[in-house]
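One structure below.
Here is the naming used below: chain letters follow the sequence lines, and residue numbers restart at 1 for every chain. Heavy-atom basis, side chains included; hydrogens, waters and symmetry copies ignored. Model, not experiment: these values are computed from the prediction.
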Amino acid sequence: MENFTPLTATIGGILIGLAATMLWVFNGRTAGISNIAGTVVPLRQGSVLWRVLFLAGLPVGAVIGSSVGPAIFAEIPTTLPELGLTPIGLVIAGVLVGVGTRLGNGCTSGHGVCGLARLSPRSFTAVGVFMATAVVTVFIVRHVVT
Amino acid sequence: MKNGVLFHVTAAVSGVIFGIGLAIARMTDPQKVRDFLDLAAIPDGGWDPSLAFVMGGGVLVGLVGLRLDRLLRKPVAAVSFVRSDRSGIDGRLLLGSAIFGVGWGLSGFCPGPAVADLGLIPQSVFIFVVAMFAASWATGIYLHRRDHDEETAAHAAPG
């Protein structure tokens, strides 16, 4: 487990939990990324700008975290993330993630963090199902096909 | 400060903190995410349990933070707490979650990290984000129309 980084994983998770708490206490909204992004359409008045602002904050935060993080924590590398997929593979995966999160009303943040914290039976079910199909998919891609 | 301003500033700041959390936890690295999902790597020591600690940290804070509405009549900067209007475990939840998991396993991307990576590797992740948004919106419009049609049919049905 040479890549295991429990300290920064837990600190990052706590920051995500604080961001979700802030959005809930101040705005009464759940920090589920797929719902914030996906329900921009169909357009409803007064519901678009805050979603765009929240989503725009994510890459800004990622840039801050990636520049400040390695200076504080030795276990955070300074290298940029790499993708293991061709552009066509990325499109297929993107479509599956988009369709799946819309049908299932949530992703790793909405169901995985907020829903589990609310002890929602729907979210426990969703997390169990998407973890299972993701594990099977990675197994096939990494150990069967190649 | 007007409530509308605070509401929108909060949305932006929350997004930034969320993004910092994703980057500190390295969930912006799809290979690290897939290293968590690769349970077959447990025997040879290549498994990376980090993602479970990210979720654990977020859930621990949320267990308290997402219950603070009990102490408040309404949110600080909004009219009401908006709760999911869906309940019960149905086929849509199961099928959608199953499809999402396949896309997540293939790419190592779920929606948050993919959008966050627009700040780090925009050229390579852009196409994924466009496909995800387009598919999500198309699905949303389809579901919206279908639900509307069902409602209309229910009203038209003879009692």
Side-chain angles (χ1 to χ4, degrees), chain A residues 3 5-6 8-10 12-17 19 21-23 25-28 33-34 38 41 50 53-54 57-66 69 81 83 90-91 93-104 107-109 113 116-117 125-126 129-130 133-135 137-138 143, chain B residues 10-12 14-21 23-25 29 34 37-38 40 48 50 53-54 57-59 61-63 65-66 68 75-78 81-82 89 92-93 96-107 110-112 115-116 118-119 124 127-128 131-132 135-137 139-140:
Chain A
N3 299 321
T5 51
T8 49
T10 307
I14 287 170
L15 286 170
I16 290 167
T21 296
M22 189 179 174
L23 197 66
V25 169
F26 278 75
N27 291 8
I33 311 298
S34 63
V41 175
W50 77 268
L53 288 169
F54 178 89
L58 295 175
V60 173
V63 169
I64 296 171
S66 302
L83 307 186
L90 280 172
V91 169
V95 167
L96 292 171
V97 170
V99 170
T101 52
R102 194 76 268 109
L103 274 179
C107 56
T108 17
S109 52
V113 174
L116 294 189
T125 308
V129 171
F130 67 62
T133 56
V135 163
T137 302
V138 168
H143 304 283
Chain B
T10 302
S14 171
V16 171
I17 296 173
F18 202 112
I20 294 174
I24 296 286
D29 182 349
R34 293 167 80 201
L37 296 168
D38 192 0
D48 180 354
S50 301
F53 285 70
V54 182
V59 169
V61 174
L63 276 171
L66 301 182
L68 292 176
V76 176
F81 291 99
V82 180
I89 291 149
R92 233 186 90 175
L93 180 78
S97 298
I99 294 172
F100 162 48
V102 174
W104 188 35
L106 276 177
S107 60
C110 47
V115 174
L118 287 173
S124 42
I127 193 169
F128 177 93
M132 176 180 80
S136 173
W137 291 347
T139 307

Name the option with the most non-hydrogen atom pairs under 4.5 Å to chain A; the candidates are B/L118, B/I89, B/L93, B/V115. B/L93
Which atom pair, heavy atoms only, marks the closest approach of B/R92 to A/R102? NH2-O, 3.5 Å
Starting at CZ of B/F18, measure out to OG of A/S109 and round the result to the nearest 0.5 Å. 4.5 Å
Given A/T108, A/V60, A/I64, the one with more heavy-atom pairs under 4.5 angstrom with chain B than any other is A/T108
OG1 of A/T10 to CG of A/L15, rounded to nearest 0.5 Å, is 11.0 Å
Could you grab the distance from atom CG of B/D48 to atom CZ of B/R34, nearest 0.5 Å is fine? 13.5 Å
Pick from B/V102, B/I127, B/D29 with the largest number of heavy-atom pairs that fall under 4.5 Å of chain A: B/V102
So what's closer than 4.5 Å to chain B heavy atoms on A/T137: side chain, backbone, both or neither? side chain
Most heavy-atom pairs under 4.5 Å with chain A, out of B/G65, B/S124, B/P111, B/G119, belong to B/P111
If you count heavy-atom pairs under 4.5 Å with chain A, which of B/A98, B/A23, B/S107, B/S97 comes out on top? B/S97
Identify which of A/S66, A/C107, A/A62 forms the greatest number of heavy-atom pairs closer than 4.5 Å to chain B. A/A62
Between A/G17, A/A93, A/G65, which shows the greatest number of heavy-atom pairs under 4.5 Å with chain B? A/A93
Residue from B/I24, B/I99, B/V59 scoring the most non-hydrogen pairs under 4.5 Å with chain A is B/I24
Rounded distance (nearest 0.5 Å) linking atom CD1 of A/I33 with atom CZ of A/F54: 4.0 Å
Please determine, among B/L37, B/L63, B/L68, the option with the most heavy-atom pairs under 4.5 Å with chain A. B/L37
If we define contacts as heavy-atom pairs under 4.5 Å, which of A/V113, A/V63, A/V138 has the most with chain B? A/V138
Atom pair CE/CH2 of B/M132 and B/W137 - distance to nearest 0.5 Å: 9.5 Å
Can you confirm whether B/S50 sits close enough to A/T5 that some side-chain heavy atom of one is under 4.5 Å from a side-chain heavy atom of the other? yes
Could you state the interatomic distance from OG (B/S14) to CZ (A/F26), rounded to the nearest 0.5 Å? 10.5 Å
Which of the residues A/V135, A/L58, A/V91 is involved in the greatest number of heavy-atom pairs with chain B at under 4.5 angstrom? A/L58
Heavy-atom pairs under 4.5 Å with chain B are the metric here; pick the option from A/T125, A/L116, A/I16 that has the most. A/I16
For a 4.5 angstrom cut-off between non-hydrogen side-chain atoms, does B/C110 reach A/V97? no
